[in-house]
Amino acid sequence: MPELPEVETTCAGIRPHLVGNVFSDVQVRQTQLRWAVDAQLKQHLMGLKVVSVTRRAKYCLLNTAQGSVILHLGMSGHLKILPANTVAGKHDHVDFVFADQKMLRFNDQRKFGAVLWAEGNPLSHSLLKDLGVEPLTDDFTPHHLYQLAQNRTIPIKTFIMDGHNVVGVGNIYASESLFMANILPTRKAASLNPHDCERLVAAIKHVLQQAIKQGGTTLKDFLSPAGNPGYFSQSLQVYGRAGQGCYRCQTPIQQLKIGQRASYFCPVCQQ
DNA sequence: TTAATCACCTGAGGGC
DNA sequence: TGCCCTCAGGTGATTA
């Protein structure tokens with residue numbers, strides 16, 4: 001579920017409720033997530049004020065003066081703002097309760113997500129310090145992508161999904177961006193010329209921006225903190241459309257496993 | 001150093 | 001109806 005647009009939507013949804021608010025309680029029901037939840041999490045947070053809610057890659061950061069809570073939604077996680085003391089359901093693993101009696105609830109069916117505490121600057125955390133550029137900043141340029149792709153023999157789809165190159169591009173948006181840029185997902189990264197990189201960078205930025213505008217993509221289980229689905233799924237051009245006609249040329253969309261991930265493309269439009 | 005594969009967990013959906 | 005199998009949006013660790 002959560003790629004960059006979904007995490008951005010989630011951060012925007014919880015930000016107004018949390019900034020300026022003070023942690024008054026933390027309840028951890030399930031410590032065994034992707035990484036074990038810090039047993040001292042409550043002690044770290046009690047009495048601290050949230051000064052900002054930011055995003056780095058697919059991580060949502062609750063920043064305080066002492067450090068940050070790093071939240072990752074994995075494949076099935078989501079965050080909800082609820083009244084404190086709302087009865088917990090299945091897969092409701094962590095509750096952050098605030099002084100105004102609101103609660104941020106972390107729910108994750110598959111437990112691939114993470115709730116971590118980072119002392120000091122979260123960007124120095126081992127998970128975040130080696131990440132690539134943010135795709136929606138001016139740092140993500142065609143020249144940057146072209147330079148990174150030199151001598152890389154992996155498929156371009158795998159390349160743009162690697163967070164060390166560019167962050168936030170997951171399986172859905174990788175397929176969509178490559179379709180928009182007319183580039184076959186199986187092409188080796190190093191085979192892209194500067195003009196290809198120009199189209200691909202523009203496509204990634206466009207697809208992500210459109211998805212954020214529409215509240216992300218809901219395929220199965222993504223809901224914003226307010227409980228709303230994302231509507232970008234209605235704009236998908238190739239993802240999940242195997243066998244159906246390409247919207248441009250009517251050729252059946254093909255599906256292929258690339259890097260063990262389902263990939264969708266038009267064999268005529270994409271070269 | 002790079003590329004490919006594995007593992008983590010749960011539930012939906014299809015086939016029998 | 002129930003059992004079994006496959007698959008799924010992420011990503012760090014391990015292996016070659």
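Keep in mind that this is a model prediction, so the values were computed, not measured. Residue numbering restarts at 1 for every chain, and letters A, B, ... go by the order of the sequence lines.
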Output yes when at least one side-chain N/O atom of [X] is less than 4.0 Å from OP1 or OP2 of [N], else no.
X	N	answer
A:K257	C:dA8	yes
A:H164	C:dT11	no
A:Y59	C:dG10	no
A:K90	B:dG11	yes
A:H91	B:dT10	no

- Identify, with sequence neighbours excluded, every residue that meets side chain to side chain donor-acceptor pair (under 3.5 Å) alongside A:S68. A:N63

Could you list the residues that satisfy side chain to side chain contact (heavy atoms under 4.5 Å, CB included) with [X], not counting sequence neighbours?
X	result
A:P16	none
A:T141	A:H143, A:H144
A:A242	A:Q255, A:Y264

- Could you tell me whether A:R187 sits above the aromatic face of A:F159, with NZ or CZ closer than 6.0 angstrom to the six-membered ring centre and within 45 degrees of the axis? no

- Is it the case that A:R248 places NZ or CZ above or below the six-membered ring of A:F179, under 6.0 angstrom from the centre and within 45 degrees of the axis? yes

- Residues within residues 124-133 of chain A bordering DNA chain B, heavy-atom distance below 4.0 Å: none

- Please measure how far the P atom in C:dT11 lies from the corresponding atom in B:dA12, and state the result in whole Å. 23 Å

- Query: Sequence neighbours excluded, which residues qualify as salt bridge (Lys or Arg N to Asp or Glu O under 4.0 Å) partners of A:R261?
  - Reply: none

Take atom [atom1] of [X] and atom [atom2] of [N], then tell me their distance rounded to the nearest Å.
X	N	atom1	atom2	answer
A:N107	B:dG11	CG	P	11 Å
A:K111	B:dT10	NZ	P	4 Å
A:Y264	C:dC7	OH	P	11 Å

- Scoring nucleotides 2-8 of chain B by protein non-hydrogen atoms under 4.0 Å (B base, S sugar-phosphate only, - none) yields SSSSB-B

- Using Watson-Crick and G-U wobble pairs whose two distances are both under 3.5 Å, how do you write the pairing of DNA chain C as dot-bracket, with | for links to another strand? .|||||||.|||||||

Pairs under 3.5 Å (N/O, protein and nucleotides 14-16 of chain C):
none

- Item | Qualifying salt bridge (charged side-chain N to carboxylate O under 4.0 Å, His left out) pairs, either residue in residues 20-38 of chain A, two or more places apart | A:D25-A:K42, A:R29-A:D95

- Pairs meeting criterion salt bridge (charged side-chain N to carboxylate O under 4.0 Å, His left out) with involvement of residues 135-162 of chain A, two or more places apart: none

- For A:F98, the ring-ring contact (aromatic ring centres under 6.0 Å, His included) test, sequence neighbours excluded, returns A:F23

- Would you say the side chain of A:Y239 lies within less than 4.5 Å of the side chain of A:N171, judging by non-hydrogen atoms? yes

- Touch class at under 4.0 angstrom, heavy-atom based, for A:F159 against every strand present: nothing

